[in-house]
Amino acid sequence: MAADLAQADMLRSSAAEGMHRIEPGSTDGRRLDRLIAGCPDAFVEIDRSGVVVEWNAGAEAGFGWSREEMIGSFVADSFLSCAFARSPFGLLVADTTGASSGPVTGSVTDGSLEIQLDLRHRDGRRMRTEGRLIVLGQGRNRSVAAFLRPRDEPEAVPVDPATRPGTDPLTGLADRAAYLAHLAGAAAAHAGNPGSVAVVLLDLDRFKAVNNSMGHSLGDGVLVSVARRLELAAGDVDLVARFGGDEFLALVTDPGGDAGRRAEEFVTRVEMVLSSPIPVDDAEVFLDASVGIALNTFGADDPDDLLAHAEAAMYLAKRRGGFGVETFGESLRIEELDRMATEHSLHRALERNELTLHYQPVVEVRWATTVGVEALIRWDHPEQGMVPPGRFIPVAEESGLIIPIGAWVLEQACRQLQDWHLCAESGPRGSMEVNLSARQIDDPGIVGTVEEILARTGLPPEHLTLEITESALMRDAAAALVVLQSLKDLGVLLAIDDFGTGYSSLSYLQRFPLDVVKVDRMFVHELGMHGGGDEIVSAVISLAHALGLHVVAEGVETERQLETLRALDCDFAQGFLFSKPVPAGELRPQFGLRLDT
Ligand code: C2E
Ligand code: MG
Ligand code: MG
């Protein structure tokens, strides 16, 4: 057997070095497959992202997991138990995922390592094993292969008691309290030594959507998988903890002042281990994370500062989207101070009535008559003048201030339309379009708020259109659907705003109870040019009409665009061609009357 192993080993490593490339199905390839298959030891090979690529009969017999179950699966989801994060195997896998890490680096480059480690049997028991690890290939093709032999019978010790104090009961990671205690200790021990403590805060993107659409128990399973993967990526990180919900924390200390670099290396490994999908029931979930890193620099030595900075950096990463990482530094510090100042004065703005609404007409394309207005918020800042929403809505969203601000906008806009209707006495009525942000859709009180405001202002619900951006809908489509249906039941109309800028899935037009599609001005801008812009808008209009929805073109600025929209049978248009958003006093819309452009 020893000879077999040595032979397989030699074939493998020479293949990996490219000295002797073995094609699958070739004579050598078949010989190698036979050697591996017939080897009584467990032979396991794992690629650089932690996915099992080889699992022989010896491994089936030794660990109880079948080849079918294991090939293609993520190693930490099954037989690597959580105690392995700090084991050589964990380190080695972490090492092959890209970054150099920890005490085994030297042996890794030698290509082989004697190991003893605990693995998990399929029945949940821990198994002491010994064997040899070999690093195969290079770069993207790098993998780790292991010949493993159980040292004795599986121990009857259940894995992960997870009931120790300081342990998160779901994932078995350290819990919030344990993390804070460690952090306090590290911060005190390294005070005055900048760059020696790094706090890494990791927040899963779209986890809420997974939880809502798949149910909480499957959601819990996903969190456990993520925890296992973080442990696998941990390497020389001091501590990995679950902070609560879908937030995880790591603590990195380095007396040499290199904690920042080591934190970044950890994050690189995390990105790698999260890049393979997490199996959930019959489906697979892909999760990105947003990561913020904070270092004990800039006079910020105490745990509260470090956590706040990591959080600020994480939010910035989240705003940038994708798997994002930000380190809290001077520019972010300024941005954060700016954000805090904005948040602070926004509080006062609400109290001091510095917020105001401008209105922009929505025009019927064929006859150029006004059919409604969109309410757009402005901040009449005592020093800065009119501040556009893009500068403060994101802050309002993050701080939660959007909830009272949004309610104020709704009430103000509904009241205004009622006033206009009263002034016009008779004649056609128009509609008021109000923007709702993602955070408002998440707010459990939103339906009640809309209902109360309609009741208070007396505006008939069919005169109110609520606009929700495509990206807000897509954040958590399942939850949004429930809220939209309840709003719809109140009798208001619903519009999807900035259509075409999110992850457009045309099928969502049918799934949500929508009345109106607002085509983003990016596409309107292309109209009449030779870039295929007409075709896109035309396709959206045809589909929307087929589904019984009306279409508003946003950002119409030229006669030519209007002409094209007319030819494409677009229903409504909005844009500077008709009017910029203006204060109520300058508008006095006359619904049903033709607007001269
Ligand atoms: P939106 O709802 O898509 O509003 C249209 C934006 O396009 C407005 O920008 C408007 O001034 C601008 N616009 C209209 N016609 C034209 C045009 O012909 N050319 C160009 N270049 N721009 C045009 P604004 O007022 O800066 O608002 C930006 C965004 O802020 C809005 O996009 C909306 O998403 C958000 N917003 C505005 N008011 C509120 C509010 O009360 N609550 C919430 N949650 N969001 C709001
Ligand atoms: Mg809008
Ligand atoms: Mg829009």
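What you see below is based on every heavy atom in this structure, not just the backbone, and it leaves out hydrogens, waters and symmetry mates. Remember, it's 1-based here, ligands and their atoms both numbered in the order they're listed. Remember, it's a predicted structure, so these values are computed and weren't measured experimentally.
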- Task: From atom 33 (C) of ligand 1, work out which of Leu577, Asn435, Ile402 has a heavy atom at the shortest distance.
- Result: Asn435
- Nearest non-hydrogen protein atom, atom 39 (C) of ligand 1: Ile377 CG2, 3.7 Å
- How close does the nearest protein non-hydrogen atom get to atom 5 (C) of ligand 1, and which residue and atom is it? Glu554 OE2, 4.1 Å
- Message: Taking salt bridge (Lys or Arg N to Asp or Glu O under 4.0 Å) as the definition, give me every residue that meets it alongside Glu563, ordered by chain and number, with sequence neighbours left out.
- Response: Arg566
- Can you measure from CG (Leu436) to CG (Asp497) and round to the nearest 0.5 angstrom? 10.0 Å
- Please state whether the rings of His309 and Phe328 are parallel, tilted or perpendicular, taking 30° and 60° as the class boundaries. parallel
- Please verify whether a non-hydrogen atom of Lys518 lies at under 4.0 Å from ligand 1. no
- Query: Is it true that atom NE2 of His545 has more than 12 heavy atoms of other residues, nucleotides or ligands lying nearer than 6.0 Å?
  - Reply: yes
- Query: Is the shortest distance from a heavy atom of Arg378 to ligand 1 less than 4.0 Å?
  - Reply: yes
- Query: More than 12 foreign heavy atoms under 6.0 Å from CZ of Arg560: is that the case here?
  - Reply: no
- Note: ligand 1 atoms sitting under 4.0 Å from heavy atoms of Gln360 are 14 (C), 15 (N)
- Please determine if Asp168 and Arg176 form a salt bridge, counting it only when a charged side-chain N lies under 4.0 Å from a carboxylate O. no
- Query: Within a reach of under 6.0 Å around CD of Gln510, are more than 12 heavy atoms found that belong to other residues, nucleotides or ligands?
  - Reply: no
- Task: Say whether, by atom type as modelled, one donor and one acceptor occur between the side chain of Arg415 and the main chain of Thr457 under 3.5 angstrom.
- Result: no
- Ring centers of His421, His463 separated by less than 6.0 Å: yes
- Item | Residue and atom name of the nearest protein heavy atom (relative to atom 4 (O) of ligand 1), distance in Å to one decimal | Leu376 CD2, 3.5 Å
- Short question: side chain of Arg391, backbone of Trp379 - any donor-acceptor pair under 3.5 Å? no
- Between the main-chain N or O of Ser437 and the side-chain N or O of Gln440, is there a donor-acceptor pair closer than 3.5 Å? yes
- Item | Cation-pi geometry met for Lys318 and Tyr315 (6.0 Å, 45°) | no
- Arg521 to ligand 1: N or O pair under 3.5 Å? yes
- Can you list, by chain and residue number, the protein N, O or S atoms under 2.8 Å from the Mg ion (ligand 2)? Glu374 OE2, Asn435 OD1, Glu467 OE1, Asp497 OD2
- Query: Looking only at distance, does Thr469 have an N or O less than 3.5 Å from an N or O of ligand 1?
  - Reply: no
- Query: Under a 4.0 Å heavy-atom limit, does Leu357 contact ligand 1 with its side chain, its backbone, both, or neither?
  - Reply: neither
- Task: Going by heavy-atom distance to atom 11 (O) of ligand 1, choose the closest among Ala495, Pro388, Ala472, Pro581.
- Result: Pro581
- Among all protein non-hydrogen atoms, which one is nearest to atom 13 (N) of ligand 1, and what is the separation to 0.1 Å? Phe576 CE2, 3.7 Å
- Task: Number the atoms of ligand 1 from 1 as they appear, then name those within less than 4.0 Å of a heavy atom of Glu557, with their elements.
- Result: 17 (C), 18 (O), 19 (N), 20 (C), 21 (N)
- Check each atom of ligand 1 against the heavy atoms of Asp497 and keep those under 4.0 Å away; list them by number with element. 1 (P), 2 (O), 3 (O)
- Query: Among Asp520, Val516, Leu509, whose side chain to side chain contact (heavy atoms under 4.5 Å, CB included) with Phe499 holds?
  - Reply: Leu509
- For atom 35 (C) of ligand 1, closest protein heavy-atom neighbour: Pro389 CB, 4.3 Å
